[in-house]
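Below you'll find the structure, written out as structure tokens, and then a few comments.
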Amino acid sequence: MPKAKHLKNTKTPKHKNTIHMYENPRLIIDSSNPPEAGSITWRSPSNIALIKYWGKYGRQLPQNPSLSLTLAASCTDTMLEYAFKEEAGDGQIDLEFYFHGEANEAFKSKTKAFLESLLPVFPFLKQLKLVVQTGNSFPHSAGIASSASGMSALALCLCSLEDALFGTLQDPADYDKKASFVARLGSGSACRSIFPHAAVWGETPLVAGSSNEFAVPVAEQIHETFKNFHDDILIVSQDEKAVSSRDGHALMDGNPYAEARYAQARQRLATLLEAMRSGDLATFGKIVEDEAMTLHALMMCSNPSYTLLRPNSLVIIEKIRAYRAKTGHPVYFTLDAGPNVHLLYPGDIVHEVRAFIEDELKDYCEDGYVQQDWVGEGPEEM
Ligand code: DP6
């Protein structure tokens, strides 16, 4: 059939600020056949970016593709309880929110605003009474970001709820794609936590099917050694971050190096993917450390400038370099938007590296705290 005349030559704007992809006004519960009350629980992990997402546009769209390893031990457990509201209510989200068993007003209002923004995607949410019970496997004060695990766990609960009510997400690949899309709207990096081992978020010719709207799994494209990698998180400071990720991303807009940075990330992704395909640890480590330093360099040269590294972060980095030079062990560091140092290494040297942490690094961690983590299988429904 010929296309409607008025559609001829029209192009969808590339950077449309919308959630149109999954808008679905048909996802409304038939009130003459209401569902029974129920609950859904997901455990979802954090992830550590190797190529960093830093800079965004539109509604949570990344300026460059990023690649992460999915972790195993740093998780959020989220239970979503739902019950059909006999009274139509005011069309608003009806939510109770508990964090580690206690009502939490700050988290509740953030989550409510997020769910309201998702009503075009999940219009049935306004027909339900919702209770969210959530908690992390790591201490809240540990300075470990919980937005990736928290937002991915919530997104998974929402997609499972849609499927329980309407049977619309039966295909696992469709399910994961939508969960990743929804997680991204909550926190960009969260979209990568949906997949086992490793994921890429952001359009790149290097990965078939990649998109700015959701992450895609890349486990099949990486060498086995990376599926058995460890990431021990050296907690240098448990303080709240001085600058939120959201504000940090926004500062990239005025950063004179921004365009060069986005081009660099694309080139580094190509090199890193090749190294991860072939199992080339030295190239892997070089790129990963360069990315960590670049992220913090970008913060230091933004306006206003800020520093999230602490003196002990730098001491630990120097010690890792010295240990690598001395022993030849493939031990590398990365950083997220904070002072804590992630120590990355293959599982076959776990005993040697744990001894190194104990002997040389622990003293530089706040209260000697190290969160041991490793590459994992992705989220689980409980
Ligand atoms: C440095 O995903 O926390 O960890 O999308 O505003 O929620 P928002 O930001 P967020 O940023 C993560 C930044 C990073 C790098 C990364 O994970 O890729």
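The structure presented is a predicted model; accordingly, all values stated were derived computationally and were not measured. All values below come from the heavy atoms of this structure, side chains included, with hydrogens, waters and symmetry mates left out. Counting starts at 1 for both ligands and their atoms, in listed order.
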Could you tell me whether [X] and [Y] make a salt bridge, using a distance below 4.0 angstrom between a side-chain N and a carboxylate O?
X    : Y    : value
R43  : E381 : no
R354 : D232 : yes
R324 : E289 : yes
E291 : R268 : yes
K178 : D174 : no

Taking only heavy atoms of [X] into account, list the atoms of ligand 1 that are under 4.0 Å away from them.
X    : result
Q60  : 5 (O)
L295 : 1 (C)
S147 : 3 (O)
G188 : 2 (O), 5 (O), 7 (O), 8 (P)
W54  : 1 (C), 13 (C)

Among all protein non-hydrogen atoms, which one is nearest to [atom], and what is the separation to 0.1 Å?
atom                    : answer
atom 4 (O) of ligand 1  : D336 CB, 4.0 Å
atom 11 (O) of ligand 1 : H249 NE2, 3.0 Å
atom 13 (C) of ligand 1 : Y53 O, 3.5 Å

Pair [X] and [Y], ring centroids less than 6.0 Å apart:
X    : Y    : value
W374 : F229 : no
F107 : Y98  : no
F181 : Y22  : yes
F166 : F124 : yes
H249 : Y53  : yes

Please say whether [X] places an N or O atom under 3.5 Å from an N or O atom belonging to ligand 1.
X   : value
N47 : no
K52 : no
A49 : no
K56 : yes
S66 : no

* Asked: Is R192 in contact with ligand 1, taking contact as a heavy-atom separation below 4.0 Å?
  -> yes
* Asked: Under a heavy-atom criterion of less than 4.0 Å, does M151 contact ligand 1?
  ->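 Outside the 4.0 Å threshold, so no.
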* **Any donor-acceptor N/O pair, E366 side chain to Q238 backbone, under 3.5 Å** =>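 Confirmed, E366 side chain pairs with Q238 backbone.
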* Asked: Taking heavy atoms and a distance under 4.0 Å, where does S189 meet ligand 1: side chain, backbone, both or neither?
  ->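 The part of S189 near ligand 1 is both the backbone and the side chain.
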* Asked: Any idea which part of S187 is under 4.0 Å from ligand 1, heavy-atom wise: side chain, backbone, both or neither?
  ->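 Both backbone and side chain.
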* If you measure from atom 3 (O) of ligand 1 to every heavy atom of A292, P62, S245, which option wins on shortest distance? -> S245
